[in-house]
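The structure under discussion appears below in the form of structure tokens.
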Amino acid sequence: MANLEVELGALKLKNPVLAASGTFGFGEEYSSLIDLEKLGAIMVKGLTLKPRQGNPAPRITETPAGMLNAIGLQNPGLDAFLSRELPRLIDSHAAVIVNIAGDTEEDYITLARELSGVPGIVALELNLSCPNVKQGGILFGTSKMIMGRLITKVRGICPIPLIVKLSPNVTDITELAHAAEESGADIISLINTLKGMVIDIKSKRPLLGNITGGLSGPAIRPVAVRMVYDVYRSVKIPLIGMGGIMNLDDALQFFMAGARAVAVGAGNFVDPCAMPRLIDDLRSYLEKEGLQSVDEIVGSAQI
Amino acid sequence: MANLEVELGALKLKNPVLAASGTFGFGEEYSSLIDLEKLGAIMVKGLTLKPRQGNPAPRITETPAGMLNAIGLQNPGLDAFLSRELPRLIDSHAAVIVNIAGDTEEDYITLARELSGVPGIVALELNLSCPNVKQGGILFGTSKMIMGRLITKVRGICPIPLIVKLSPNVTDITELAHAAEESGADIISLINTLKGMVIDIKSKRPLLGNITGGLSGPAIRPVAVRMVYDVYRSVKIPLIGMGGIMNLDDALQFFMAGARAVAVGAGNFVDPCAMPRLIDDLRSYLEKEGLQSVDEIVGSAQI
Amino acid sequence: MLSKARVLEIRKVSSNCYFLLLEEARIARESLPGQFLHIRIGESLTPFLRRPFSIAGTSPENGTLKILFQVMGEGTRILSMVQKEDRLDCLGPLGSGFSTQKAHNTSVLLAGGIGAAPLMFLSEALLREQKKVIFYYGASSLEQIIPVRSFFPSEAEVYLATEDGSAGYRGFVTEAFQEGLNNGLKPAEIFACGPKPMLQKLAEKNRDWKFPMQISLEERMACGIGACQGCAVTVQEKGETRCGLVCRDGPVFNWDEVVW
Amino acid sequence: MLSKARVLEIRKVSSNCYFLLLEEARIARESLPGQFLHIRIGESLTPFLRRPFSIAGTSPENGTLKILFQVMGEGTRILSMVQKEDRLDCLGPLGSGFSTQKAHNTSVLLAGGIGAAPLMFLSEALLREQKKVIFYYGASSLEQIIPVRSFFPSEAEVYLATEDGSAGYRGFVTEAFQEGLNNGLKPAEIFACGPKPMLQKLAEKNRDWKFPMQISLEERMACGIGACQGCAVTVQEKGETRCGLVCRDGPVFNWDEVVW
Ligand SMILES: Cc1cc2nc3c(=O)[nH]c(=O)nc-3n(C[C@H](O)[C@H](O)[C@H](O)COP(=O)(O)OP(=O)(O)OC[C@H]3O[C@@H](n4cnc5c(N)ncnc54)[C@H](O)[C@@H]3O)c2cc1C
Ligand SMILES: Cc1cc2nc3c(=O)[nH]c(=O)nc-3n(C[C@H](O)[C@H](O)[C@H](O)COP(=O)(O)OP(=O)(O)OC[C@H]3O[C@@H](n4cnc5c(N)ncnc54)[C@H](O)[C@@H]3O)c2cc1C
Ligand SMILES: Cc1cc2nc3c(=O)[nH]c(=O)nc-3n(C[C@H](O)[C@H](O)[C@H](O)COP(=O)(O)O)c2cc1C
Ligand SMILES: Cc1cc2nc3c(=O)[nH]c(=O)nc-3n(C[C@H](O)[C@H](O)[C@H](O)COP(=O)(O)O)c2cc1C
Ligand code: FES
Ligand code: FES
């Protein structure tokens, strides 16, 4: 039987199929549908220091071959996560990656300090799509300088693998990937959602309560594959690819572009069994192709 | 009967429905299918000074709710355009907007000089998605500075309305829109295609001969609507919106977001009659809603 | 929770509503009135997301269940073209159901349009509990009315209201119900499902009436199981507001929980 | 150029090929062998683009035409589910057709797989011109073979080749044809359609043979009418290479025009 284990630097995963942050809650919701232990890891819903209420409704709408979401990081906050959500996740034997977000550098640092010692948490993922309130609202993820400084600081106090999640809403993602690597990121995950909006032509108003939202799903897959392909050439650290993955064929594009692991996001909503099936299909694919491990196809489409 | 005429500054169009550059050739190909005179204008295939062969095959592939193209600006060059294509367009009574592209500032300036006096050409559209060979290949459309300087120069020698077409592959499109306005653009058109790629998992190679291509079609519509919405707030000059428009409902989103005219691109491939039908449907819509002109809904979704 | 249900019957029941009879033993057995199924429409990427539909009745003995749906957009248009023997990918039953009081009493069911669907299922449960069921059902016109008599247990009293007066009371179903109250109707509890303005109106009125009242809400859904936080509705509990999820905390809420 | 063709018949003719009989008088009247239709698959946004299919025959008197297609991916899978009386949105006939010589002579038609489709149409025209038609048809195995006899005029001589030898000659159709040549076959002209490797092989061989030969190419298409420059193929004319368009300059090319 082919071995699905992958090593992303110091992060060892039983297989390279992860649940993308924000699309899998804290795992519990899906536990009656699938065996959480089977997944490579669960990247839990974006966590902030204090609980957040999130954005006004409507928060989601469908778009051609995709969806927009403007959840607004609704989450129960650090304390409730540690006392209520994490124990349940650990009980289910899932590997947990915590996606953290904040409005200031201090938020990130506090979260990283509180979380990185906790047993059961295998890595942290920095969600940089939040506006930096101290720097006039510039997103952490769109400025090399602001991002680099944040990563350096978090790196300093975080003994576990640090994943930096890149936003696609930038002119040159390779530049930011490079800055993330230089500043000490162990792994890069990409892509987060593309900024988009839908207008309700009946009411002549933006449909989402938050006006704009993040576009995800198969619609953005070509953009995501391209970014993984480009970033693979500019950094040496491993990549986690995501954006519109629904099945094995989609995932293979990401591996071949250069991702060492993939995450399924909106695809979970359409098919709650997408991840376990992808894991099985990936194993069959490796066996059929006579491959020992996924590593043999990582970046194979690079020319 | 509702009046479909629109004025985009000095550019008066009989209606606000245009053919997007590169998707409608030089009009001739569609002339047996639709009456070219009926269209607001035809933005012809990107024109360069010298003829271009374009990229190796395959040049297109389908993606979820969209397509990728990497035509590579194949075109017959300025001379053949003036002697062969333009006369036919003029015979068909179409309003012609010429989309021009170059590798150097001089290319753009020469094209603008040669084209802007020619009867039958109602405006020029600057396609800024080409790499600036003199500036180390930075795209004209991704740097405020390079773009601003180019526009200022072209503006100086171009007596007819000047449209600047913005690329969506940037961190902050409003900044570039603002720079375009400051430098003398009369109209902004947006969006061009998003950079993307597809990997052929059988051959483990990028599918397109050019490796990457431009993503268009309904998949990108939410991104396009958002950019029109944002740019509308940051400039005073009129906008031509495009990106995934297939029908009236799609076009209305763009008008309400702030576009005074819209262009249909990939939609023409799927339904060659999309534009004439959109024009008829728009007229019926205005009448049903008791509106005098499209101006009454332009930007109506802004809040 | 994920099953392929077999289509036994699909039938048009009004100008824009369809009746769907599905066979899936587990869902038929487990479903409670007020719960819903999250159904995948075709296998194409457009429409992308699943669509939620209330369960309109079950027959656990036969392993079958009913759905009533209205054609609204692309998804329901495609659903209306399924054929006998097709398989529908159904996630569910999901959400919390209606809870009914222990005592024998008079229950009033108020439905606007396709909101009738979950109340049909509920009426069967109430009748089994030996309650008197009075059903007020409103639609915009006669042709939009589902032939309730063929879906509703015959023991239920049914009152129709149409906005154009083409059948039953002329006006809104809330007004028809108000008339009933004026004529001495004494509901012990109310269950309502319909368009938001109707429910909002009822909640307003109920500040005077003060009947026990449960309402079933709709919101756009992605996951349907509480994972994405997409279907948020602001709810209040003891003066404090928080974010509730229609798919998990609802779709049935107490009338005074919802912040409109 | 844009018509809604009525589906008169759809039928499976091999393990993965379907026959489609359409009614559309204008297309039936105007089509030439070698031309194709650009067909919209359903009304959903996925699949997004139209799909090109060769016209496999027409009956101008009845206003009907034939298509033969193979299920390759999503688009053809959906097309295989159309039903009698459905309407298909067809753009065409498009492209240039085969041109045939004036003289009476022996024409050899070489098809690989679904490449047989345009050659069926062509064979009818050739037979009307009183020519002798010899058809070499290859597929990977028996079950992939379309029952040519029921689609091909009985006057045509037919030779089969399968890669696994399950029917006819064991090997590639090009090899079967070579054997024919070895046995004295003297074609006056050749028409070929099939997978790229087969056509490339033929073009190579023809540098020795030097038969007049036309081949029909495939390329991914968006517009189908020469507007998008998407279906480029490099062609040469008098030593100069330029970019040709399969949809407009082709799909039929002279064998020595194409730069492989
Ligand atoms: C818990 C629940 C139970 C439901 N039960 C039923 C039922 O039994 N029968 C029935 O016919 N319908 C029911 N609905 C509504 C049904 O889900 C929508 O009508 C359907 O999803 C529309 O899909 P569409 O693709 O046809 O329309 P779309 O093209 O997606 O939308 C058409 C219109 O419907 C509105 N809409 C879309 N999705 C929703 C949604 N989730 N909630 C509210 N409005 C929406 C949109 O604003 C739009 O105006 C229920 C909804 C919920 C949340
Ligand atoms: C001029 C012309 C005439 C044709 N005539 C016929 C015919 O008579 N019968 C028939 O069955 N097929 C014909 N084809 C091929 C047919 O168009 C493709 O098989 C079809 O578009 C595949 O669609 P899909 O959605 O099923 O597959 P997709 O999912 O789009 O692709 C499946 C596979 O088919 C390949 N493919 C897709 N589109 C094309 C294309 N345009 N050209 C070549 N390869 C492609 C892809 O590389 C992929 O591997 C013709 C193609 C052309 C260009
Ligand atoms: C409903 C929803 C909520 C999301 N929330 C988060 C989040 O909290 N943190 C984060 O980093 N990404 C979040 N994302 C982005 C996803 O993790 C993922 O990067 C993106 O959706 C692209 O993958 P997909 O196309 O497979 O969905 C969210 C996406 C969706 C659809
Ligand atoms: C095949 C193709 C060729 C294109 N060529 C050009 C071009 O030459 N110049 C240009 O400015 N834009 C070009 N575009 C971009 C379109 O004009 C348009 O901006 C983009 O496709 C978004 O619109 P759509 O989604 O309606 O296609 C091209 C698009 C396509 C699909
Ligand atoms: S639909 Fe995802 S939380 Fe309710
Ligand atoms: S498909 Fe557009 S030019 Fe051939």
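All chains are named by letter (A, B, ...) in the order of the sequence lines, taking the proteins before the strands, and each is independently numbered beginning at 1. Just so we're clear, the structure is a prediction, and the values are computed from it rather than from any experiment. Every heavy atom of this structure was used, including side-chain atoms; hydrogens, water molecules and symmetry mates were not.
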Contacts with chain A made by [range] (heavy-atom distance under 4.5 Å), listed by residue number:
{"range": "residues 243-250 of chain C", "value": "C:C243, C:R248"}
{"range": "residues 40-47 of chain C", "value": "C:R40, C:L45, C:T46, C:P47"}
{"range": "residues 60-74 of chain C", "value": "none"}
{"range": "residues 17-35 of chain C", "value": "none"}

Atom [atom1] of [X] and atom [atom2] of [Y]: how far apart are they, to the nearest 0.5 Å?
{"X": "A:I34", "Y": "C:M1", "atom1": "CD1", "atom2": "CE", "value": "11.0 Å"}
{"X": "A:E62", "Y": "C:L49", "atom1": "CD", "atom2": "CG", "value": "4.5 Å"}
{"X": "A:R59", "Y": "C:Q229", "atom1": "CZ", "atom2": "CD", "value": "6.5 Å"}
{"X": "C:M221", "Y": "A:F269", "atom1": "CE", "atom2": "CZ", "value": "13.0 Å"}
{"X": "C:E219", "Y": "A:I60", "atom1": "CD", "atom2": "CD1", "value": "7.5 Å"}

Does [X] [atom1] have over 12 foreign heavy atoms under 6.0 Å away?
{"X": "C:F253", "atom1": "CZ", "answer": "yes"}
{"X": "C:E240", "atom1": "CD", "answer": "no"}
{"X": "C:R170", "atom1": "CZ", "answer": "no"}
{"X": "A:K38", "atom1": "NZ", "answer": "yes"}

Which of A:G209, A:P272, A:G217, A:A219 touches chain C most, by non-hydrogen pairs under 4.5 Å: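 The answer is A:P272.
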With chain C as the partner, which of A:A70, A:G72, A:A65 has the greatest number of non-hydrogen pairs under 4.5 Å?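 Heavy-atom pair counts peak at A:A65.
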Among the options C:I225, C:D89, C:L2, pick out the one with the most heavy-atom pairs lying under 4.5 Å from chain A.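 Of C:I225, C:D89, C:L2, C:I225 has the most heavy-atom pairs under 4.5 Å with chain A.
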I'd like to know whether A:M246 forms a side-chain contact (heavy atoms from CB on, under 4.5 Å) with C:F48, so could you lay out the CA-CA distance, the side-chain angles of the two residues, the decisive distance to 0.1 Å, and finally the verdict. CA-CA 11 Å; A:M246 306 289 293; C:F48 184 60; 3.9 Å; yes
Derivation of the side-chain contact (heavy atoms from CB on, under 4.5 Å) call for C:C228 and A:N69: CA-CA 9 Å; C:C228 74; A:N69 89 79; over 6 Å; no
Measure A:D271 against the heavy atoms of chain C and call it side chain, backbone, both or neither at under 4.5 Å.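 The answer is both parts of A:D271.
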Side chains of C:C223 and A:N268: does their closest heavy-atom pair fall under 4.5 Å?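 No; the side chains remain at least 4.5 Å from each other.
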Does the side-chain contact (heavy atoms from CB on, under 4.5 Å) test come out yes or no for C:R220 and A:L207, once each step is laid out? CA-CA 11 Å; C:R220 284 158 198 272; A:L207 193 148; 3.9 Å; yes
Identify the two heavy atoms, one from A:A57 and one from C:A232, that lie closest to each other, and give their separation to 0.1 Å.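 The pair with the smallest heavy-atom distance is CB-O, 3.5 Å.
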